[in-house]
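The next block holds one structure in the form of structure tokens; read it before the comments.
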Number of protein chains: 2
Amino acid sequence: MNKELLCQIYSHPLIGETELEKIIQAHRKVSFKKGAFILEEGEVSNSYLILENGLMRSFAHNYNGTDITTDFFSNQEIVIEVLSLFQRIPSRENIRALTDCDCWEIKFDTFQELFHSIPGFSEWGRLWMTNRLFHFKQRSVEMVTISAKDRYLQLIKEKPQIVLQSPLKYIAGYLGITDTSFSRIRKEISQEH
Amino acid sequence: MNKELLCQIYSHPLIGETELEKIIQAHRKVSFKKGAFILEEGEVSNSYLILENGLMRSFAHNYNGTDITTDFFSNQEIVIEVLSLFQRIPSRENIRALTDCDCWEIKFDTFQELFHSIPGFSEWGRLWMTNRLFHFKQRSVEMVTISAKDRYLQLIKEKPQIVLQSPLKYIAGYLGITDTSFSRIRKEISQEH
DNA sequence: TAGAATTCTTGCCATAAGACAAGTTCGGCT
DNA sequence: AGCCGAACTTGTCTTATGGCAAGAATTCTA
């Protein structure tokens with residue numbers, strides 16, 4: 001069992017060595033083929049994943065049925081649908097592998113047990129939530145204060161793996177524009193070299 | 001001490017009567033005058049508030065100094081800057097009273113103690129975080145999939161207090177448009193009756 | 001209560017992005 | 001290798017929203 005990635009993910013000043021070991025033991029390795037669904041609309045999520053390598057995307061459906069990419073998950077990130085997992089309600093989102101993926105999975109029940117028995121772990125969890133919250137808050141502001149072109153340039157800088165591995169239409173959706181506009185923006189950028 | 005509001009806020013299946021009492025006791029009443037700062041950029045937030053009545057807004061500053069309204073807090077809501085409070089780092093946001101406000105305050109240290117000693121309380125906290133996360137995720141999607149006009153109509157329906165009590169320019173900022181465009185949208189709506 | 005300052009509205013023109021439709025290229029399957 | 005469908009590009013026209021500036025209305029404050 002390659003513990004390095006998990007050690008890194010769960011590193012926190014209040015989590016000691018034995019506790020870290022216990023947390024890591026709670027994970028088991030799982031793989032997904034390109035195109036596999038990790039979570040489907042209507043299911044209650046029952047675990048989360050730590051993505052060792054590969055790319056996934058989460059998406060929901062519009063009132064008129066259009067598919068909206070809400071997020072990408074790439075290397076070393078936690079793949080989770082927070083609302084469904086923690087509120088035990090059916091998910092309104094789908095999560096799907098864009099490439100073959102290797103992951104570490106932890107079940108909700110196991111997580112729950114550790115969350116309440118290891119104080120450092122609940123701190124860790126809150127810290128993680130805090131970061132996600134910040135991420136989405138920031139994103140909601142940037143979606144209107146920054147032009148689509150600049151959001152794209154920012155994505156290239158911050159998460160190049162996405163741009164390299166995802167079909168363009170999903171990136172367009174994530175940026176909040178149509179694939180048509182996205183194509184034009186890419187053209188414009190390439191012409192500036 | 002009027003406990004009703006606090007009882008309601010902290011109601012959770014895993015929080016028993018004595019524990020609820022303990023949580024409520026940890027709050028003290030505070031008031032703010034219109035225009036008062038609850039939190040200023042650069043400060044580390046040291047408590048959060050439960051807003052009994054009044055309206056507040058949080059805002060950050062752009063790279064070019066423009067003031068961006070990131071959120072409103074109205075009756076019965078929790079007024080908090082999560083990132084600063086839980087990561088103990090200087091806030092990049094300001095929180096300011098738009099009207100006179102009555103609140104219940106709880107200090108970080110006290111909260112922290114309760115968070116780790118009452119299992120139901122950490123569950124409650126996680127649940128709250130989950131809801132906020134959902135809120136901002138939703139918002140980041142809606143900022144680009146829904147027109148400014150529809151976002152405004154939605155705001156009127158969901159949080160009429162804001163529309164009634166806040167200067168229009170802040171609402172415009174929150175909707176992600178200029179006050180000029182907002183004025184036109186309002187005109188258009190009023191002409192449809 | 002007058003004057004100043006802020007907030008809000010309006011006009012004119014510019015620009016980013018969407019809608020739709022017709023190609024073109026790419027990638028998976030047999 | 002060759003075909004088919006999906007993914008991507010491009011053209012033309014439309015629409016939502018922004019930028020700037022001037023004027024009207026509101027509100028603060030002395």
Side-chain angles (χ1 to χ4, degrees), chain A residues 33-36 55 57 59 62-69 72 96-100 139-156 162-192, chain B residues 33-36 55 57 59 62-69 72 96-100 139-156 162-192:
Chain A
K33 285 273 160 214
K34 176 172 178 174
L55 185 68
R57 79 177 183 112
F59 59 100
N62 221 343
Y63 59 97
N64 65 55
T66 330
D67 162 319
I68 313 237
T69 297
F72 286 103
R96 201 169 176 192
L98 287 172
T99 64
D100 291 353
R139 182 166 149 82
S140 65
V141 170
E142 290 178 349
M143 289 306 259
V144 290
T145 55
I146 302 183
S147 71
K149 182 178 171 183
D150 287 347
R151 293 204 298 281
Y152 176 49
L153 291 172
Q154 191 172 307
L155 186 68
I156 292 176
I162 294 174
V163 181
L164 295 172
Q165 298 182 76
S166 169
L168 297 178
K169 62 174 184 166
Y170 298 143
I171 300 175
Y174 182 68
L175 293 172
I177 55 178
T178 57
D179 50 352
T180 310
S181 294
F182 187 44
S183 175
R184 293 195 176 105
I185 287 172
R186 285 166 49 82
K187 186 182 183 183
E188 195 184 320
I189 290 171
S190 74
Q191 282 170 352
E192 300 164 0
Chain B
K33 285 273 162 217
K34 176 173 179 173
L55 184 69
R57 79 177 183 112
F59 59 100
N62 221 343
Y63 59 98
N64 66 55
T66 330
D67 164 317
I68 314 237
T69 297
F72 287 102
R96 202 169 176 191
L98 287 172
T99 66
D100 290 354
R139 183 165 149 80
S140 65
V141 170
E142 289 177 349
M143 290 305 259
V144 291
T145 55
I146 302 183
S147 71
K149 182 178 172 184
D150 287 347
R151 293 202 300 279
Y152 176 49
L153 291 172
Q154 190 172 308
L155 187 67
I156 292 175
I162 293 175
V163 181
L164 295 171
Q165 296 182 66
S166 168
L168 297 179
K169 63 173 183 167
Y170 298 143
I171 300 176
Y174 182 68
L175 293 172
I177 54 179
T178 56
D179 51 351
T180 310
S181 294
F182 187 44
S183 176
R184 294 195 177 105
I185 287 173
R186 285 167 49 82
K187 187 182 185 184
E188 194 184 321
I189 290 172
S190 74
Q191 282 170 352
E192 301 164 1

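Per chain, numbering begins at 1; letters A, B, ... match sequence-line order.
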Subject >> B:Thr178 side-chain N/O to D:dG18 phosphate OP1/OP2 under 4.0 Å >> reply: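 Yes, because at least one side-chain N or O of B:Thr178 sits under 4.0 Å from OP1 or OP2 of D:dG18.
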Original post:
Which two nucleotides bound the region of DNA chain C that has atoms under 4.0 Å from heavy atoms of chain A, read 5' to 3'?
Top reply: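 So the outermost contacting nucleotides come out as C:dA17 to C:dG28.
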[X]: which residues meet the side-chain hydrogen bond (donor to acceptor under 3.5 Å, both in side chains) condition with it, sequence neighbours left out?
X	result
A:Asp67	A:Arg57
B:Gln154	B:Glu142
A:Asp150	none

Which atom pairs, donor and acceptor, lie under 3.5 Å between side-chain atoms of residues 174-186 of chain B and protein residues at least two apart or in another chain?
from	atom 1	to	atom 2	distance (Å)
B:Thr178	OG1	B:Ser181	N	3.2
B:Thr178	OG1	B:Ser181	OG	3.2
B:Arg186	NH1	B:Tyr152	OH	3.1

**OP:** Give the rounded distance in Å between these two atoms: OH of B:Tyr152 and P of D:dT17.
**Re:**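 These atoms are roughly 14 Å apart.
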Subject >> Between P of D:dA16 and CZ of B:Arg151, the distance in whole Å >> reply: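 It works out to 13 Å between those atoms.
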Subject >> DNA chain D: 5'-proximal contact among B:Gly176 and B:Lys34 (nearest heavy atom) >> reply: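 Going by which nucleotide is closer to the 5' end, it is B:Gly176.
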Could you measure the distance from the [atom1] atom of [X] to the [atom2] atom of [Y]? Nearest 0.5 Å is fine.
X	Y	atom1	atom2	value
B:Glu192	B:Lys187	CD	NZ	13.0 Å
B:Lys33	B:Thr99	NZ	OG1	10.5 Å
B:Phe59	B:Tyr170	CZ	OH	7.0 Å
A:Ile162	A:Leu155	CD1	CG	5.0 Å

Could you list all N or O pairs between the protein and nucleotides 4-9 of chain D that sit under 3.5 Å apart?
from	atom 1	to	atom 2	distance (Å)
D:dA7	OP1	A:Lys169	NZ	3.0
D:dA7	OP2	A:Lys169	NZ	2.6
D:dC8	OP1	A:Leu168	N	2.9
D:dC8	OP2	A:Leu168	N	3.2
D:dC8	OP2	A:Lys169	N	2.9
D:dT9	OP2	A:Ser183	OG	3.1
D:dT9	O5'	A:Ser183	OG	3.2

Original post:
Taking side chain as C-beta onward, heavy atoms only, is A:Lys149 less than 4.5 Å from A:Ile189?
Top reply: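 Yes - at least one pair of side-chain heavy atoms lies under 4.5 Å apart.
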**OP:** Rounding to 10 degrees, work out the angle separating the end axes of the helix from C:dT1-D:dA30 to C:dT30-D:dA1 (five pairs an end).
**Re:**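 Inter-axis angle at the termini of the helix from C:dT1-D:dA30 to C:dT30-D:dA1: 60°.
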Subject >> Partners passing salt bridge (charged side-chain N to carboxylate O under 4.0 Å, His left out) against A:Lys169 (at least two apart in sequence or in another chain) >> reply: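 By the salt bridge (charged side-chain N to carboxylate O under 4.0 Å, His left out) rule, A:Lys169 matches no residue at all.
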